[in-house]
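The first residue of the sequence shown is numbered 1, and numbering continues consecutively from there. Computed over heavy atoms, backbone and side chain alike; hydrogens, waters and symmetry mates excluded. None of the values given here were measured: they were computed from a predicted structure.
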Amino acid sequence: MAEPDAAGAPRVVSLVPSLTETLLAWGVTPIACTRFCEQPSLAHVGGTKDPDIAAIVALRPDVVLMDREENRLPDAEALHAAGVEVLATHIASVADVATLAAVRTRLGLPPEPQDSSPAIEPVGRSAFVAIWRRPWMSCNAATYGSSMLASIGVRNVFADHADTYPTVTIDEVVDRAPELILLPSEPYPFKVRHVAEWRDALPDASVRLIDGQDLFWWGARTAPAQRRLSQVLRES
């Protein structure tokens, strides 16, 4: 295994966009990341679901960061078999973000200071959040996105669905009468042209295009994203 660099920092490969963003916010620059991390200045080693194992091993990292929701177990096993240390997070809610303390510890970083930001005023509205189109898909309560909404006082109308990522129809959404229709910029790239069909189906609902990274990326983004989304969704 590689030794830490001259500055004493471990050599880290991140296979999770949220973790790559978080590492950079912590002042840690990964030696490589995925093509989905939106960091063109860093070396890329494939995607979240298809990392280039040989390229990662050749970099001789001290640790590879993965996440159970984002990455595949066979890839983690392949890295282990090659003698590479893997540290896997499992972030499925806003509360789980606190477990990133283990990542800071592994990297030799001190504990993060307590967030002293003022409490967020709850939005107090119900919402349908679309994650895909053709077919329409949403998410239930067992997801980070739904937890993020709950943390700012937005009730996901499909929170109780049996499927984690249910396929739904417009009629099913209408039956649940959400006050907000949320169209994130990812994973499906919703645009202004998609707003009209929901305004036609639910004329009393407020249709919002929102930042998908604020809704679905976690880590250093979580607290500021809560404030941004809360402000956007409280606007009339």
Side-chain angles (χ1 to χ4, degrees), residues 8-30 33-34 36-39 48 61-73 75-76 79 85-124 127 129 131 139-156 159-160 164-165 182 184 186-187 210-234:
R11 293 169 55 82
V12 184
V13 170
S14 171
L15 300 183
V16 187
S18 294
L19 280 172
T20 301
E21 180 180 63
T22 298
L23 289 173
L24 292 169
W26 290 348
V28 176
T29 301
C33 63
T34 76
F36 299 116
C37 292
E38 300 189 3
Q39 298 296 332
T48 54
D62 294 302
V63 62
V64 175
L65 301 181
M66 304 181 75
D67 183 78
R68 294 181 187 179
E69 296 290 321
E70 297 276 350
N71 307 118
R72 303 185 322 126
L73 179 59
D75 295 322
L79 289 167
E85 179 186 349
V86 173
L87 177 58
T89 59
H90 186 199
I91 310 296
S93 71
V94 170
D96 290 339
V97 174
T99 65
L100 294 184
V103 178
R104 291 185 66 89
T105 297
R106 173 60 186 86
L107 300 182
L109 300 174
E112 277 199 286
Q114 291 284 338
D115 184 0
S116 58
S117 303
I120 294 172
E121 178 184 349
V123 176
V129 54
I131 64 168
C139 56
N140 74 4
T143 59
Y144 177 82
S146 185
S147 173
M148 167 60 79
L149 292 175
S151 75
I152 60 172
V154 176
R155 180 178 64 84
N156 174 10
D160 62 348
T164 305
Y165 298 105
L182 305 183
E186 62 174 67
I210 62 171
D211 186 335
Q213 291 184 358
D214 273 356
L215 185 57
F216 298 119
W217 288 33
W218 39 259
R221 177 178 289 263
T222 296
Q226 286 174 309
R227 294 190 289 273
R228 286 191 293 265
L229 288 171
S230 175
Q231 180 177 350
V232 167
L233 298 184
R234 283 201 312 271

Just verifying a value: how many Å separate [X] [atom1] and [Y] [atom2], rounded to the nearest 0.5 Å?
X    : Y    : atom1 : atom2 : answer
E69  : F216 : CD    : CZ    : 12.5 Å
E70  : R72  : CD    : CZ    : 14.0 Å
N140 : Y165 : CG    : OH    : 8.5 Å
W218 : S147 : CH2   : OG    : 13.0 Å

Do [X] and [Y] touch side chain to side chain, with heavy atoms closer than 4.5 Å?
X    : Y    : value
L19  : L100 : yes
L182 : L149 : yes
R106 : P10  : yes
L233 : I210 : yes
Y144 : T222 : yes

**Request:** Quick one: which residue pairs count as a side chain to side chain donor-acceptor pair (under 3.5 Å) with a foot in residues 93-104, not counting sequence neighbours?
**Result:**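 Residue pairs passing side chain to side chain donor-acceptor pair (under 3.5 Å), neighbours aside: S93-D96.
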
**Asked** Tell me the side chain to side chain donor-acceptor pair (under 3.5 Å) pairs involving residues 12-21, sequence neighbours left out?
**Response**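 Qualifying pairs: S14-T20, E21-R221.
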
Checking [X] now: which residues fulfil side-chain hydrogen bond (donor to acceptor under 3.5 Å, both in side chains) with it, not counting sequence neighbours?
X    : value
S146 : N156
E121 : none
N71  : none
T34  : none

If you look at every heavy atom in [X] and [Y], which pair is closest and at what distance?
X    : Y    : answer
C37  : W217 : O-CH2, 4.2 Å
S230 : I152 : N-CD1, 3.8 Å
P184 : L215 : CG-CD2, 4.0 Å
T164 : A142 : CG2-O, 4.4 Å

Who passes side chain to side chain contact (heavy atoms under 4.5 Å, CB included) against [X], sequence neighbours left out?
X    : answer
S151 : V94, M148, Q226
T29  : L24, L42
P224 : R227, R228

**Complete:** Between L65 and the options V16, L15, T22, L23, the side chain to side chain contact (heavy atoms under 4.5 Å, CB included) test singles out L23

**Message:** Given E85, which partner from the list V63, D62, V64 fulfils the side chain to side chain contact (heavy atoms under 4.5 Å, CB included) test?
**Reply:** V63

**Request:** Using a cut-off of 6.0 Å, state whether more than 12 heavy atoms not belonging to Q231 lie near its atom CD.
**Result:**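 At most 12 heavy atoms, drawn from other residues, nucleotides or ligands, come within 6.0 Å of this atom.
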
**Request:** Return yes if some donor-acceptor pair links the side-chain N/O of D214 with the main-chain N/O of L229 below 3.5 Å, else return no.
**Result:**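 Answer holds: no.
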
